[in-house]
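Only a predicted model underlies this, so the values are computations on that prediction, with no experimental measurement involved. Residue numbers start at 1 and run along the sequence shown.
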Amino acid sequence: MRRCRSALLFLFLVPATAQAFEAIDSLRFPSSGVFPAYPSEGGLPRNLWVQAGLLHDDNILRRGAGDEESETVARVGAGASVDARLWGRQSVHLEARGDGYKFQNFSELDHFAYGLLGELRWELGNALGGTLGYERRHYLIDLAERLTVRRDAVTENHYFARAGYRLTPRWRLRGALDLVDLDRPEFTAAGTQVSSVVGGIDYVTPLGNTIGVEARHSEGDAPVDERIDPLGVAVSNDYEEREIAAVLTYLPSAQLRVAGRLGHTERTYSVLSNRNFDGGTGRLDLEWRPGTKTTLAFSAYRVPRSIIDVGASHVVINGVSFGPSWAPTVKLVFGARLIKEDREYAGDPGVALGVDTLREETVRAWRFTAGWEITRHYQLAAAFETGERSSNILGLDYDYRTVMTNLRYNF
C-alpha cells in the first residue's frame with residue numbers, strides 16, 4: 001500500500017521528465033525479487049545507502065534548436081529506512097534521503113533535494129487497520145517549464161491517513177484523508193493546498209483479485225499569477241474536484257497482472273469557470289512475465305494532472321508507456337521504456353482571461369537502462385535517454401539526449 005500511494009502521488013504531482021536521474025532511480029535490480037528467477041532474501045528492518053552519480057545533457061534547459069546548452073551534473077546522496085515494531089501489531093516506518101546536485105556551468109542551479117517519510121501502521125483486531133503518515137519533499141522544478149538559469153524549487157508537505165475494514169472475508173471498506181501543501185516561492189507568493197476525501201468498497205476473491213467502486217472529493221486553491229492577473233481579480237480561484245471510478249486488480253495467472261480504474265472526473269473553478277474539466281478518466285496497467293527473467297510492462301492513462309511546475313492549474317494528459325526488463329543473471333539487468341504524452345493545458349489562467357492561446361503539446365521519450373550488481377553491496381547503473389517536445393506555442397519545442405551513471409553502496 002505504501003508503494004502504491006507513493007507512486008500515485010508522484011504521478012499526479014510531477015511530470016514524467018522532472019527528475020534528471022529518474023531513469024536510474026527507477027531501475028529495479030534482480031536482488032529486489034522483482035524477477036521470479038531470483039527470489040528476494042527479504043527486506044531488512046534497517047537500510048542505509050550512499051551513492052554518487054554523473055549526468056551529461058546536451059540541452060539541459062530544454063530550449064529550441066539553435067539555443068541549446070549542454071551541461072554536466074554531479075550528484076552525491078545518501079538515504080536510510082527503518083521498520084520497527086512499537087507494540088503488538090503497531091509498527092512504524094521511516095525513510096529519509098538527501099541529494100546534492102552540482103552543475104558544471106550553471107552554478108545558479110546547484111541545490112540540495114531531500115525527501116522524508118514517516119508512517120504509523122496500525123491494526124485493531126483482524127478486520128481493521130490503516131496508516132497515518134507525513135511526507136515532505138524539496139526539489140527543483142522541471143527545467144523544461146522554467147527555460148531560464150534560475151533556481152526555482154518546490155517544497156511539498158503531505159499529510160495522510162488511510163484505513164481499511166473487512167466487513168466479511170469477501171467485502172472490504174476503505175477510506176482515506178489527504179492534505180497536500182505545495183510552496184513554490186519563485187512562482188507566486190501564495191501557496192497551493194489540496195485536500196481530498198476518498199471512500200471505496202471492494203469485493204476480494206480468495207485469489208486476491210479485487211473489483212470495486214471508489215469516490216473522491218477534493219478541494220484546492222489555484223491562484224492566478226500576478227503577471228497574468230495584475231489586479232488580483234482571480235487570486236481566490238478555488239476549485240472542487242469529484243471523481244467516481246470502478247477499480248480492478250486481476251491476476252489471471254502468475255505471469256500476468258492487470259490493474260485499472262475507469263471513471264468520470266469533474267473539476268469546477270469558483271472564478272474562472274471556463275477552465276472547468278468534465279470528462280472520462282482512467283488508467284490501465286499490464287505486467288506480463290513471459291519468462292522468469294523477463295517482464296513486459298504497459299500503461300495507458302487519461303487524467304487531469306495537477307503540476308505545480310507549470311503555470312496552468314491542471315493539464316489534461318493522454319499518455320502511454322511501454323517497456324521490457326530482462327535480467328539474464330542475478331547480477332545483470334537491462335531495460336527500455338517508451339513514454340508518449342499528449343498534453344492540453346486546459347487549466348491555463350491566461351487562456352481563461354483571454355490573453356493566451358490554449359497550449360497543446362506532445363512529449364516523447366525513449367529510455368535504455370542497464371544495471372550491474374558488482375558485489376552484494378555495490379550497484380552500478382547507467383542509462384541513455386532521448387526525447388522531444390512539440391508545442392503549438394512558439395519557442396517551446398525541444399529535443400535532448402542524456403547519458404547518466406550512478407554507483408550505489410548498500411550497507
Participant: Any chance you could lay out the salt bridge (charged side-chain N to carboxylate O under 4.0 Å, His left out) test for D152 and R184, step after step, and finish with the verdict?
Facilitator: CA-CA 7 Å; D152 191 353; R184 180 184 171 189; 2.7 Å; yes
Participant: Is it the case that more than 12 heavy atoms not belonging to L394 sit under 6.0 Å from its CG atom?
Facilitator: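 Atom CG in L394 is not packed in, count stays at 12 or less.
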Participant: Verify, without hydrogens or angle tests, whether T405 (side chain) and A381 (backbone) share a donor-acceptor contact under 3.5 angstrom.
Facilitator: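 It does hold such a pair.
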Participant: Which heavy atom in T369 sits nearest to a heavy atom in A23, and how many Å separate them?
Facilitator: CG2-O, 3.6 Å
Participant: Under 3.5 Å, is there a donor-acceptor pair between the Y269 and E241 side chains?
Facilitator: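 Distance-only check fails for Y269 and E241.
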Participant: Does D202 come within less than 4.0 Å of R170, counting only side-chain N to carboxylate O?
Facilitator: no
Participant: Would you mind checking if E341 and R389 are paired as a salt bridge, meaning a charged N to carboxylate O distance below 4.0 Å?
Facilitator: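 E341 and R389: not salt-bridged.
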Participant: So, do D278 and N276 sit near enough that their side-chain heavy atoms are less than 4.5 Å apart?
Facilitator: no
Participant: Measure across L179 and S195 and return the closest heavy-atom pair with its distance rounded to 0.1 Å.
Facilitator: CD1-CB, 4.0 Å
Participant: Pairing donors with acceptors under 3.5 angstrom, does anything connect the side chains of D183 and T155?
Facilitator: no
Participant: Check step by step if side chain to side chain contact (heavy atoms under 4.5 Å, CB included) holds for L61 and Y398.
Facilitator: CA-CA 9 Å; L61 300 178; Y398 67 74; over 6 Å; no
Participant: Between R289 (side chain) and T292 (backbone), is there a donor-acceptor pair under 3.5 Å?
Facilitator: no
Participant: Using 30° and 60° as the class boundaries, would you call the ring planes of Y114 and H138 parallel, tilted or perpendicular?
Facilitator: parallel
Participant: Pair R257, W288 - check side chain to side chain contact (heavy atoms under 4.5 Å, CB included), show working.
Facilitator: CA-CA 7 Å; R257 176 176 299 176; W288 178 41; over 6 Å; no
Participant: Can you see which heavy atom on S31 is nearest to which on E373, and at what distance?
Facilitator: OG-OE1, 2.9 Å
Participant: Between E22 and R367, is a salt bridge (charged side-chain N to carboxylate O under 4.0 Å, His left out) present by the stated rule, with each step listed?
Facilitator: CA-CA 10 Å; E22 197 268 332; R367 179 182 299 170; 2.9 Å; yes
Participant: So, does S32 use its side chain to make a donor-acceptor pair with the main chain of F29 at under 3.5 Å?
Facilitator: yes
Participant: Quick one, T402 with D57, criterion side-chain hydrogen bond (donor to acceptor under 3.5 Å, both in side chains). Give me CA distance, side-chain angles, the key distance, then yes/no.
Facilitator: CA-CA 4 Å; T402 304; D57 194 302; 2.6 Å; yes
Participant: Do R283 and Y301 have side-chain N/O donor and acceptor atoms under 3.5 Å apart?
Facilitator: no
Participant: Using a 6.0 Å cut-off, check whether atom CZ of R174 has over 12 heavy atoms from anything other than its own residue.
Facilitator: yes
Participant: For E71, does its backbone N or O pair with a side-chain atom of N59 as donor and acceptor, under 3.5 Å?
Facilitator: no
Participant: Taking only Lys NZ, Arg NE, NH1 and NH2, and the carboxylate oxygens of Asp or Glu, determine whether D399 and R62 approach each other closer than 4.0 Å.
Facilitator: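 Salt bridge flag = no for R62 with D399.
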Participant: Ignoring hydrogens and geometry, is there a side-chain-to-backbone donor-acceptor pair from R216 to I244 under 3.5 Å?
Facilitator: no
Participant: So, do L407 and Q379 sit near enough that their side-chain heavy atoms are less than 4.5 Å apart?
Facilitator: no
Participant: Where the side chain of D342 meets the backbone of T362, is there a donor-acceptor pair that is under 3.5 Å apart?
Facilitator: no
Participant: Answer whether the closest heavy-atom distance between the side chains of E344 and N318 falls below 4.5 Å.
Facilitator: no
Participant: Assess whether atom CH2 of W49 is packed by more than 12 heavy atoms of other residues, nucleotides or ligands within 6.0 Å.
Facilitator: yes
Participant: Check step by step if ring-ring contact (aromatic ring centres under 6.0 Å, His included) holds for F298 and F322.
Facilitator: CA-CA 4 Å; F298 170 81; F322 171 77; 7.1 Å; no
Participant: Under 3.5 Å, is there a donor on one side chain and an acceptor on the other for D99 and Q51?
Facilitator: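 Indeed, the side chains of D99 and Q51 share at least one donor-acceptor pair under 3.5 Å.
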Participant: Take H93 and T131, measure what side chain to side chain contact (heavy atoms under 4.5 Å, CB included) needs, and give me the verdict at the end.
Facilitator: CA-CA 10 Å; H93 173 80; T131 302; over 6 Å; no
Participant: With side-chain hydrogen bond (donor to acceptor under 3.5 Å, both in side chains) as the criterion, how do Y345 and E361 come out once you've worked through the C-alpha distance, each side chain's angles and the decisive distance to 0.1 Å?
Facilitator: CA-CA 9 Å; Y345 289 68; E361 62 187 31; 2.6 Å; yes
Participant: Salt bridge between E95 and R97, side-chain N to carboxylate O under 4.0 Å?
Facilitator: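 R97 and E95: not salt-bridged.
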Participant: Is it the case that the side chains of S270 and D238 hold a donor-acceptor pair, with the cut-off being a distance below 3.5 Å and no angle test?
Facilitator: no
Participant: Mind checking whether Y101 and F21 have parallel, tilted or perpendicular rings, split at 30° and 60°?
Facilitator: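 Plane angle between 30° and 60°, so tilted.
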Participant: Under a 4.0 Å threshold between the charged nitrogen and the carboxylate oxygen, would D83 count as salt-bridged to R85?
Facilitator: no
Participant: For the residue pair A20 and L55, what are the closest heavy atoms and their distance?
Facilitator: O-CD1, 3.4 Å
Participant: With a 3.5 Å distance limit and no angle check, can you tell me whether T294 reaches the backbone of P290 through a side-chain donor-acceptor pair?
Facilitator: no
Participant: For residues R89 and G125, report the shortest heavy-atom separation together with the two atoms involved.
Facilitator: NH1-O, 2.6 Å
Participant: Could you go step by step and tell me if E135 and R137 meet the salt bridge (charged side-chain N to carboxylate O under 4.0 Å, His left out) rule?
Facilitator: CA-CA 7 Å; E135 184 175 23; R137 293 195 306 149; 5.1 Å; no
Participant: Within the distance-only criterion (no hydrogens, no angle test), does the side chain of T386 pair as donor or acceptor with the backbone N or O of Y400 below 3.5 angstrom?
Facilitator: yes
Participant: Within 45° of the six-membered ring axis of F277 and under 6.0 Å from that ring's centre, is NZ or CZ of R267 located there?
Facilitator: no
Participant: Let's go through R151 and E108 carefully: what are the C-alpha distance in whole Å and the side-chain angles of both, what is the deciding distance for salt bridge (charged side-chain N to carboxylate O under 4.0 Å, His left out) to 0.1 Å, and is it a yes or a no?
Facilitator: CA-CA 6 Å; R151 183 160 42 190; E108 299 92 331; over 6 Å; no
Participant: Taking the side chain as C-beta and beyond, is there a heavy-atom pair between V330 and F35 under 4.5 Å?
Facilitator: no
Participant: Between A78 and V50, which heavy-atom pair has the shortest distance, and what is it?
Facilitator: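 Of all heavy-atom pairs spanning A78 and V50, the closest is CB-CG1, 3.9 Å.
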Participant: Quick one: are V247 and T210 in side-chain contact, heavy atoms under 4.5 Å?
Facilitator: no
Participant: Around F103, counting heavy atoms of other residues, nucleotides and ligands shown, do more than 12 lie under 6.0 Å from its CZ?
Facilitator: yes
Participant: Treating Q90 as the side-chain partner and E123 as the backbone partner, does any N or O pair qualify as donor plus acceptor under 3.5 Å?
Facilitator: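 Answer holds: yes.
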Participant: Classify the side-chain pair N406/R408 by whether it contains a donor and acceptor separated by less than 3.5 Å.
Facilitator: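 Checked: N406/R408 side chains show no N/O donor-acceptor pair below 3.5 Å.
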Participant: Distance only, no hydrogens: is a donor on one side chain within 3.5 Å (strictly under) of an acceptor on the other, for H158 and D181?
Facilitator: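 Looking only at side-chain atoms, D181 and H158 do not form any donor-acceptor pair under 3.5 Å.
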Participant: If the threshold is 4.0 Å, N to carboxylate O, is there a salt bridge linking R261 and E214?
Facilitator: yes
Participant: Centroid-to-centroid, Y203 to W171, below 6.0 Å?
Facilitator: yes
Participant: Check for a donor-acceptor pair, side chain of Y38 on one end and backbone N or O of A327 on the other, with a separation under 3.5 Å.
Facilitator: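 Present.
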Participant: Looking just at side-chain N and O atoms, do Y378 and N410 make a donor-acceptor pair shorter than 3.5 Å?
Facilitator: no
Participant: With side chain to side chain contact (heavy atoms under 4.5 Å, CB included) as the criterion, how do V149 and L109 come out once you've worked through the C-alpha distance, each side chain's angles and the decisive distance to 0.1 Å?
Facilitator: CA-CA 7 Å; V149 184; L109 297 177; 4.3 Å; yes
Participant: Between R63 and E68, is there a salt bridge with N-O shorter than 4.0 Å?
Facilitator: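 No.
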Participant: If you draw a 6.0 Å radius around CH2 in W122, do more than 12 non-hydrogen atoms from other residues or ligands fall strictly inside?
Facilitator: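 Atom CH2 in W122 is packed in, count exceeds 12.
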